[in-house]
Each structure stands twice: as structure tokens, then as C-alpha cells.
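Everything on this sheet refers to the single structure shown next.
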Amino acid sequence: MATAENTTEKGFLKAMSQQGMSTPSQPQRMFFMAQITLRILAIVFTVAAIPTMVTAKEPLSFIGLSIEPSYSQSSAMKFLLGADAIVCAFSVLSLLFVWTLSRSGSPTTNYFFLFLHDMVMMVLMISGCAAGTAVGYLSKYGQRESFWNPFCNYVTKFCHQMLISTVLSYLAFFCYLALNILTAYKLTPRATE
């Protein structure tokens with residue numbers, strides 16, 4: 001009786017695969033499509049964040065002095081820009097690695113290295129975003145205890161561009177967070193039914 005059920009199940013799976021429905025390799029394809037899509041999104045977000053930050057300038061005249069705030073005047077913003085550039089470059093390289101993984105049957109160790117790469121990129125991205133957020137918060141609201149006055153009321157265009165750049169960087173972070181979850185799920189052993 002068990003062999004008849006197995007034959008029926010095999011026939012059912014064969015019929016489903018011929019109709020283009022779910023096959024055993026479908027989850028694998030979906031995994032790689034999600035990997036590629038999220039990496040492309042991370043590239044797009046970091047590529048958009050970099051010029052947004054670099055072009056953020058707004059001249060300000062104060063007591064006869066001309067001041068032009070820029071990302072280069074803040075070490076935190078320079079760190080965020082560097083994090084965006086590194087994550088963008090390594091995302092392109094990892095995209096090529098994922099593409100080669102999808103073409104060949106790869107051992108689990110390759111997925112582990114991919115997981116480590118994604119973890120490092122995620123941590124780098126969140127540290128850059130945290131640094132940029134801290135400086136942005138101080139620029140917007142100031143801190144009376146340390147006599148840091150808010151200056152975003154004077155250079156609103158500059159602050160808005162820095163905010164947009166930071167939000168784009170956060171979106172890249174969320175892409176890498178999702179990539180880490182996907183790869184961790186792929187690496188977890190599941191009980192056979």
C-alpha cells in the first residue's frame with residue numbers, strides 16, 4: 001500500500017512540475033531571486049545615498065561670514081558615506097557570488113560565508129546609520145547641556161538632504177537584515193517529514 005501511495009505522490013509531483021506549478025527546486029529559485037533582488041535594492045539605496053550626501057550644501061551668511069555646511073565637516077557623516085561606499089562595492093561583488101552559487105550546486109559552507117559577509121555589511125551599515133542619526137538629531141534639536149545649538153533652522157535644505165541620505169542608508173540596512181534572515185533560514189537544519 002505504501003508503494004502505491006509513493007507512486008501516486010511521485011505521479012502527482014511529476015504532473016504538477018509539467019504544468020509549471022510547485023516543484024522541489026522552486027524554493028531554491030525563490031531563495032536566489034530574493035537574494036538577488038535584495039542585493040540590487042541595497043546597491044540602489046547606497047548609490048542614491050552617496051550623491052545625495054555629497055551634494056548637500058547650502059551657503060549661510062552669519063555676521064558677515066560666509067559658511068557652507070558640508071558632510072565633510074562631520075566625522076560621523078564621513079563614516080556614513082564610507083559605509084555606503086563599502087556596502088555598495090561589496091554588494092556588487094556579492095551579487096556576482098550569489099549568481100555563481102545559483103548556477104552550481106554549492107556546499108553549505110558557501111552559504112555560511114555568504115551569511116558572514118551579509119552580517120558584516122549589516123553591522124557596518126547600522127553603525128554608519130547610527131552615527132549619522134546622532135549627528136542629525138543634534139543638528140536638528142541641539143543639546144543644551146553641552147551648549148550645542150540646533151542649526152537646521154538656518155540650513156533646512158542641507159538638513160533635508162542629509163536626512164534623505166540617512167533614510168536611504170537605513171533602507172540598505174533593512175535589505176541586509178532581510179538577507180541575513182533569509183540565509184540563516186537556509187542554513188538551519190529542518191527535520192525531514
Side-chain angles (χ1 to χ4, degrees), residues 27-57 69-102 106 108-143 148 150-152 155-188:
Q28 188 76 0
R29 269 184 272 169
M30 288 177 59
F31 171 77
F32 284 115
M33 287 306 295
Q35 285 277 327
I36 289 170
T37 303
L38 286 169
R39 287 174 200 286
I40 289 172
L41 283 174
I43 292 167
V44 168
F45 290 140
T46 53
V47 163
I50 291 169
T52 303
M53 183 182 293
V54 171
T55 60
K57 292 183 171 103
S70 171
Y71 79 94
S72 61
Q73 296 167 348
S74 167
S75 58
M77 289 306 190
K78 287 193 275 187
F79 177 67
L80 178 58
L81 182 69
D84 281 332
I86 290 168
V87 168
C88 182
F90 278 95
S91 295
V92 171
L93 292 175
S94 69
L95 189 61
L96 298 173
F97 182 67
V98 168
W99 186 74
T100 58
L101 276 179
S102 68
S106 297
T108 309
T109 55
N110 288 344
Y111 292 108
F112 180 72
F113 292 134
L114 186 66
F115 176 73
L116 285 179
H117 167 270
D118 294 346
M119 183 68 72
V120 170
M121 293 299 108
M122 183 185 75
V123 169
L124 178 63
M125 204 69 246
I126 194 61
S127 60
C129 289
T133 301
V135 168
Y137 181 85
L138 287 175
S139 300
K140 177 76 175 165
Y141 300 106
Q143 188 177 29
W148 186 295
F151 70 89
C152 278
V155 284
T156 55
K157 181 183 171 233
F158 170 76
C159 287
H160 282 127
Q161 274 190 263
M162 296 307 277
L163 174 66
I164 290 168
S165 178
T166 306
V167 168
L168 288 168
S169 299
Y170 269 111
L171 291 173
F173 159 74
F174 285 120
C175 288
Y176 268 98
L177 177 64
L179 284 167
N180 274 297
I181 293 169
L182 272 174
T183 310
Y185 179 75
K186 176 85 173 163
L187 288 172
T188 55

Review point. Considering residues at least two apart in sequence or located in another chain, which fulfil the salt bridge (charged side-chain N to carboxylate O under 4.0 Å, His left out) criterion with D118?
Key: R39
Exercise for review: Calculate, to the nearest 0.5 Å, the distance between atoms CG and OG1 belonging to L116 and T183 respectively.
Suggested key: 10.5 Å
Exercise for review: Calculate, to the nearest 0.5 Å, the distance between atoms CG and CG belonging to L177 and L182 respectively.
Suggested key: 10.0 Å
Check your understanding: Which value, rounded to the nearest 0.5 Å, describes the distance between S91 atom OG and F97 atom CZ?
Key -> 14.0 Å
Exercise for review: Could you grab the distance from atom SG of C129 to atom CG of L168, nearest 0.5 Å is fine?
Suggested key: 10.0 Å
Practice item. Could you give me the CA-CA distance, side-chain angles and deciding distance for V135 and Y71, then say whether side-chain contact (heavy atoms from CB on, under 4.5 Å) is met? Key: CA-CA 11 Å; V135 168; Y71 79 94; over 6 Å; no
Review point. Between K140 and C152, is any pair of side-chain heavy atoms under 4.5 Å apart?
Key: yes
Review point. Hey, what's the ring geometry for F31 with Y111, parallel, tilted or perpendicular (30° and 60° as the breaks)?
Key: perpendicular
Review point. Looking only at heavy atoms, what is the nearest atom pair of F90 and M121, with distance?
Key: CB-SD, 3.7 Å
**Study point:** With Y170 via side-chain hydrogen bond (donor to acceptor under 3.5 Å, both in side chains) - residues at least two apart
**Key:** T133
**Study point:** side-chain contact (heavy atoms from CB on, under 4.5 Å) assessment of M125 paired with V120
**Key:** CA-CA 9 Å; M125 204 69 246; V120 170; over 6 Å; no
Review point. Rounded to the nearest 0.5 Å, how far does CG of L124 lie from CE of M119?
Key: 13.5 Å
Point to revise | Modelled atom types, side-chain donor and acceptor of T46 and D84, under 3.5 Å | key: no
Exercise for review: Please lay out, stage by stage, how C88 and F45 fare under the test side-chain contact (heavy atoms from CB on, under 4.5 Å).
Suggested key: CA-CA 9 Å; C88 182; F45 290 140; over 6 Å; no
Point to revise | Residue pair K57, F158: steps toward the side-chain contact (heavy atoms from CB on, under 4.5 Å) verdict | key: CA-CA 5 Å; K57 292 183 171 103; F158 170 76; 5.6 Å; no
Check your understanding: Does T156 offer a backbone N or O that forms a donor-acceptor pair with the side chain of H160 under 3.5 Å?
Key -> yes
Point to revise | Heavy-atom closest contact (L80 atom, M53 atom, distance) | key: CD2-CE, 3.5 Å
Review point. Roughly how far, to the nearest 0.5 Å, is the CG atom of L41 from the OH atom of Y176?
Key: 11.0 Å
Check your understanding: Do side-chain atoms of T188 reach the backbone of Y185 as a donor and acceptor pair under 3.5 angstrom?
Key -> yes
Review point. Cut-off 3.5 Å, side chains only: do Q35 and S94 have a donor facing an acceptor?
Key: no
Revision key, fill the gap. What one should report as the nearest heavy-atom pair of A178 and L38 is CB-CD1, 3.7 Å
Practice item. Verify, without hydrogens or angle tests, whether S165 (side chain) and Q161 (backbone) share a donor-acceptor contact under 3.5 angstrom. Key: no
